[in-house]
Amino acid sequence: MTQTTELGERAAAPSGPGLAVTVRGLQVRYGEFEAVRGIDLDVHRGEIFALLGTNGAGKTTTLEVLEGFGTRTGGSVSVLGLDPAVDRARLRHRIGVQLQEGGFIEELTVRETLELWQRLVERPDRPERLLERFELRPRQDVAVGKLSGGEKRRLDLALAVWGSPELVVLDEPTTGLDPESRRRTWDAIQELQEAGRTVLLTTHYLEEAEALADRVAIMHEGRIAVSGTLTEIVAAQPASFSATVPAGSGELPALAGRADVEGFRLRVRTADLQADLTTFLNWAAERGVQLPDLRAAPASLAEVYHAVRNEQEGSR
Ligand code: ATP
């Protein structure tokens, strides 16, 4: 079916029982500017999915469409089997949302904010549980306007996970948090998954995606450059091994990958780690060369991220 800008005529993206979110060809324009340029995305039920990307890549814009706050100009979207552009009111009861900027009433205290939430949200939960879980009890009588940035972020997260919704959408949940609060936030996110919930989050912290996410997508300039499990996306980048090769070991063997030598330190980046490492180890064994500091590793998420940036900059 052709996608149109008329809400009523839009096709919902195909969705199956295993999918919490399905996006096909999503486009969002702000006037002449195309912030999201035809992306596809599947988030499976029960997984933690991290959307990474450069500043201005279109992550928040994408989340806003999924939450029903943003308007798409093309493509189809299904969230828990509903089209957020049409069914926002029904969806609101089934998803928890943490925006990049919380929209708090500054005069209310932390406890009053949670009590207000209790009246507004259909999912049952208790302010006590959230005060405890997010260590806000000592701050319960403080006006929201007087909280620190990190405390506000925790309150915002508490509201998003209120009643343990089927799907929780978090926009940079740990930005501005100290390391201990960040770790506790990770625990809270993992608890949601253990309870069978689905979490879709954005982050600029690659280690956060590595620690939490089952699958990731990296966005750049409105497009998804790569997506998959961490293992899948790092497998697409060259792995590397390194070792100190003592003087007098002789000429290095021919390898498929690129070898760089700095002093006595050899570093090889290769698309075929197993073959090149075997060649290198056989070479060392034949010469009786000891390699006490030999290290081999797949590419890191950081390397994939930088490769995405460089590739796209280079293709201009
Ligand atoms: P960041 O990591 O910096 O938060 P992001 O990936 O979340 O970035 P978005 O906030 O989705 O990016 O913005 C995508 C692009 O759309 C940016 O260039 C931004 O300036 C632009 N944009 C966002 N909202 C609007 C708006 N309301 N009107 C016009 N342009 C907008």
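Atoms within a ligand are numbered from 1 in the order they appear, just like the ligands themselves. Values below: every heavy atom of this structure, side chains too, minus hydrogens, waters and symmetry copies. Here the structure is a predicted model, which means the values were calculated and not measured.
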J.: Any side-chain heavy atom of S181 within less than 4.5 Å of one from R154?
T.: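 The answer is yes, as the side chains (C-beta and beyond) meet within the 4.5 Å cut-off.
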J.: Would you name the heavy atoms of P84 and L66 that are closest together and state the gap between them?
T.: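 The pair with the smallest heavy-atom distance is CB-O, 3.4 Å.
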J.: Taking any residue with a non-hydrogen atom under 4.0 angstrom from an atom of ligand 1, which ones do you get?
T.: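 The 4.0 Å shell around ligand 1 contains Y30, F33, A35, T54, N55, G56, A57, G58, K59, T60, T61, Q100, E172, H204.
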J.: Going through the distances and angles, do S242 and R265 end up as a side-chain hydrogen bond (donor to acceptor under 3.5 Å, both in side chains)?
T.: CA-CA 7 Å; S242 64; R265 188 87 191 151; 2.8 Å; yes
J.: If you define the side chain from C-beta out and look only at heavy atoms, does anything of M219 sit under 4.5 Å from T62?
T.: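 Yes, close enough: below the 4.5 Å cut-off.
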J.: Which residue is it: R139, K146, R137? I am looking for the one with a salt bridge (Lys or Arg N to Asp or Glu O under 4.0 Å) to E151.
T.: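 Exactly one candidate clears the test, R139.
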J.: Please tabulate, for side-chain N and O atoms in residues 283-291, each donor-acceptor pair with protein atoms closer than 3.5 Å (sequence neighbours left out).
T.:
| residue | atom | partner | partner atom | Å |
| --- | --- | --- | --- | --- |
| W283 | NE1 | E251 | O | 2.9 |
| R287 | NE | S249 | O | 3.3 |

